[in-house]
Amino acid sequence: MAQQLPNYQITQLPDSSAPPRLRGEIPQYYTALLARYGPQNWWPARSRFEVIVGAYLTQNTNWSNVEKAMANLRRARRLSVSAMRQISLDELETLVRPSGYFRQKARHLRTFVAFLDRQYSGSLTRMFAQPTEKLRAELLELNGVGPETADSILLYAGNHPVFVVDAYTRRVLLRHGIIGRKTAYEEIRVMIEQAISSSAAESLVVKNPASQPRHPVSRMSSSARSALAQHYNELHALIIRVGNHYCRKKPACGGCPLQNFLKTDCGATAQDALESY
């Protein structure tokens with residue numbers, strides 16, 4: 001049976017400063033992707049801490065490598081705050097090795113646990129109860145946490161309504177002429193958040209969307225979250241989906257659900273599509 005898209009309700013922000021074109025097109029991109037693929041069941045994880053670990057491990061690698069490292073951690077029963085607190089650095093490095101940069105990532109995970117213990121007595125519930133901007137600033141002060149990792153933790157583990165900008169987001173928007181090659185992460189994030197949050201609720205609903213999820217339903221992907229956080233969740237996951245299949249380093253625009261939105265020839269700005277921040 002096809003999975004039905006919930007009838008999300010969102011807050012209206014009539015004074016949004018998002019550019020008119022962005023306000024008009026980003027919601028259309030979102031619904032076009034929803035119509036093609038449907039909900040993606042992202043983030044695939046069993047717990048909030050597993051999402052946080054995955055957000056660290058996915059840096060500079062692909063998800064298949066992250067899955068290998070996560071499987072190692074799960075088999076070793078190390079996917080909890082208490083277990084991560086007790087594990088030796090050598091063992092942690094060995095377990096996360098498939099994700100690449102394993103020494104750095106192991107140290108950064110230990111740094112996060114130390115921060116959680118110091119600031120919030122080891123409680124993710126206390127941590128995520130903080131105001132978004134306060135917690136975001138704290139996360140960004142940690143070694144190994146940049147804006148994309150911080151926002152992934154906030155959105156996918158903590159249900160904070162922030163949009164995650166990644167290399168696929170930049171590539172799609174750049175090739176469609178919505179941003180420039182030097183547009184900063186924060187500018188893209190705020191523009192997309194304003195474009196979605198200022199849209200009428202009914203404009204973000206797709207009747208009878210396709211059912212082509214990237215992952216099976218998991219405890220975290222099906223957990224309760226605010227309507228706005230759900231929109232940011234789905235849009236980010238859908239951009240990853242279209243980036244994997246069509247908007248690659250060498251674009252393959254034929255059949256792409258966003259092809260009709262292109263203002264230039266396919267891949268005309270591909271040489272400017274930076275891969276990361």
Side-chain angles (χ1 to χ4, degrees), residues 8 39-61 63 66-67 69-71 73-74 77-85 87 92 95-96 99 105-106 108-166 169 185 189 192-193 213-240:
Y8 304 132
Q40 295 298 288
N41 299 329
W42 191 258
W43 192 294
R46 302 177 185 179
S47 68
R48 292 180 298 181
F49 187 66
E50 187 173 329
V51 173
I52 294 168
V53 173
Y56 275 93
L57 297 186
T58 197
Q59 297 170 0
N60 301 303
T61 193
W63 187 251
V66 175
E67 289 180 317
M70 297 296 282
L73 290 165
R74 189 173 291 111
R77 299 180 182 273
R78 297 301 189 181
L79 272 176
S80 68
V81 174
S82 60
M84 192 69 68
R85 190 183 293 125
I87 191 173
L92 183 56
L95 293 173
V96 303
S99 68
K105 291 177 180 180
H108 294 158
L109 285 169
R110 293 286 291 271
T111 296
F112 173 80
V113 172
F115 156 77
L116 185 68
D117 287 343
R118 182 178 66 253
Q119 294 293 108
Y120 299 106
S121 302
S123 172
L124 290 175
T125 299
R126 291 182 186 176
M127 186 186 81
F128 285 126
Q130 302 304 306
T132 301
E133 291 306 317
K134 174 181 180 296
L135 180 54
R136 190 172 192 267
E138 291 177 350
L139 291 172
L140 288 172
E141 289 180 356
L142 300 176
N143 287 336
V145 178
E148 184 180 340
T149 301
D151 292 338
S152 293
I153 292 171
L154 287 165
L155 175 62
Y156 292 111
N159 189 30
H160 285 253
V162 293
F163 183 78
V164 180
V165 179
D166 61 9
T169 308
Y185 181 104
R189 180 179 69 87
I192 291 179
E193 288 178 3
R214 186 181 180 193
H215 298 277
V217 174
S218 68
R219 180 179 176 186
M220 289 305 299
S221 71
S222 61
S223 62
R225 58 177 62 91
S226 70
L228 195 53
Q230 181 65 37
H231 284 308
Y232 295 154
N233 178 317
E234 290 293 2
L235 178 56
H236 179 229
L238 289 162
I239 288 174
I240 293 173

Point to revise | Separation between CE of M70 and CG of L79, rounded to the nearest 0.5 Å | key: 5.0 Å
Practice item. Measure across D117 and G122 and return the closest heavy-atom pair with its distance rounded to 0.1 Å. Key: OD1-CA, 3.3 Å
**Study point:** More than 12 heavy atoms of other groups within 6.0 Å of R74 CZ
**Key:** yes
Practice item. Could you walk me through whether F115 and L139 pass the side chain to side chain contact (heavy atoms under 4.5 Å, CB included) test, one step at a time? Key: CA-CA 9 Å; F115 156 77; L139 291 172; 4.1 Å; yes
Review point. Among D166, T169, D151, whose side chain to side chain donor-acceptor pair (under 3.5 Å) with Y185 holds?
Key: D151
Review point. Considering only heavy atoms from C-beta outward, does the side chain of M127 approach that of L116 to under 4.5 Å?
Key: yes
Exercise for review: Evaluate the side chain to side chain contact (heavy atoms under 4.5 Å, CB included) criterion for residues V165 and E148: first the C-alpha distance (whole Å), next the side-chain angles of each, then the deciding distance (0.1 Å), finally the verdict.
Suggested key: CA-CA 6 Å; V165 179; E148 184 180 340; over 6 Å; no
Check your understanding: If you round to the nearest 0.5 Å, how far is CG of L142 from OG1 of T149?
Key -> 10.5 Å
Exercise for review: Determine, step by step, whether N233 and W43 satisfy the side chain to side chain contact (heavy atoms under 4.5 Å, CB included) criterion, reporting the C-alpha distance in whole Å, the side-chain angles of both residues, the deciding distance to 0.1 Å, and the verdict.
Suggested key: CA-CA 8 Å; N233 178 317; W43 192 294; 6.0 Å; no
Review point. With under 30° as parallel and over 60° as perpendicular, where do the rings of Y156 and H236 fit, or are they tilted in between?
Key: tilted
Practice item. Check A55 against S152 and note the closest heavy-atom contact, atom names and distance. Key: CB-CB, 4.1 Å
Practice item. Take the angle between the ring planes of W63 and H215 and call it parallel below 30°, perpendicular above 60°, tilted in between. Key: perpendicular
Review point. Any donor-acceptor pair under 3.5 Å linking the side chain of S221 with the backbone of V217?
Key: no
Practice item. Look at atom CZ of R85 and say whether more than 12 heavy atoms of other residues, nucleotides or ligands are closer to it than 6.0 Å. Key: yes
Check your understanding: Should Q59 and S99 count as side-chain neighbours, where that means a heavy-atom distance under 4.5 Å?
Key -> no
Exercise for review: Quick one: pull up NE2 in H160 and CG in L228 and give me the separation to the nearest 0.5 Å.
Suggested key: 13.0 Å
Practice item. Consider only side-chain N and O atoms of Q40 and R214, and report whether a donor and an acceptor are under 3.5 Å apart. Key: no
**Study point:** Min side-chain heavy-atom separation K105-T61 under 4.5 Å
**Key:** yes
Review point. If you take all heavy atoms of A150 and L140, which pair is closest and at what distance?
Key: CB-CD2, 3.8 Å
Review point. Going from CD1 on I153 to CZ on F128, what distance comes out if it is rounded to the nearest 0.5 angstrom?
Key: 7.0 Å
Revision key, fill the gap. The reported gap from CG in L57 to CD1 in I52 (rounded to nearest 0.5 angstrom) is 12.0 Å
Check your understanding: Are W42 and L238 close enough that some pair of their side-chain heavy atoms sits under 4.5 Å apart?
Key -> no
Review point. Between P161 and T132, what is the shortest heavy-atom contact and its length?
Key: CD-OG1, 4.4 Å
**Study point:** Side-chain heavy atoms of T111 within contact of V145, under 4.5 Å
**Key:** no
Practice item. Taking the side chain as every heavy atom from C-beta outward, state whether F112 and M84 have any pair of such atoms under 4.5 Å apart. Key: no
Exercise for review: Could you tell me whether the side chain of N41 reaches within less than 4.5 Å of the side chain of P216, counting heavy atoms only?
Suggested key: no
Exercise for review: Tell me, yes or no, whether the heavy-atom count around R118 atom CZ, taken from other residues, nucleotides or ligands under 6.0 Å, exceeds 12.
Suggested key: yes
Practice item. Spell out, as yes or no, whether a donor-acceptor pair under 3.5 Å connects the side chain of Y232 to the backbone of E193. Key: yes
Check your understanding: Do E50 and M220 touch side chain to side chain, with heavy atoms closer than 4.5 Å?
Key -> no
Check your understanding: Any luck finding a side-chain donor-acceptor pair between R48 and S223 under 3.5 Å?
Key -> no
Practice item. Enter the distance from I87:CD1 to L73:CG here, rounded to the nearest 0.5 Å. Key: 6.5 Å
**Study point:** Donor-acceptor pair, side chain of S222 and main chain of S218, under 3.5 angstrom
**Key:** yes
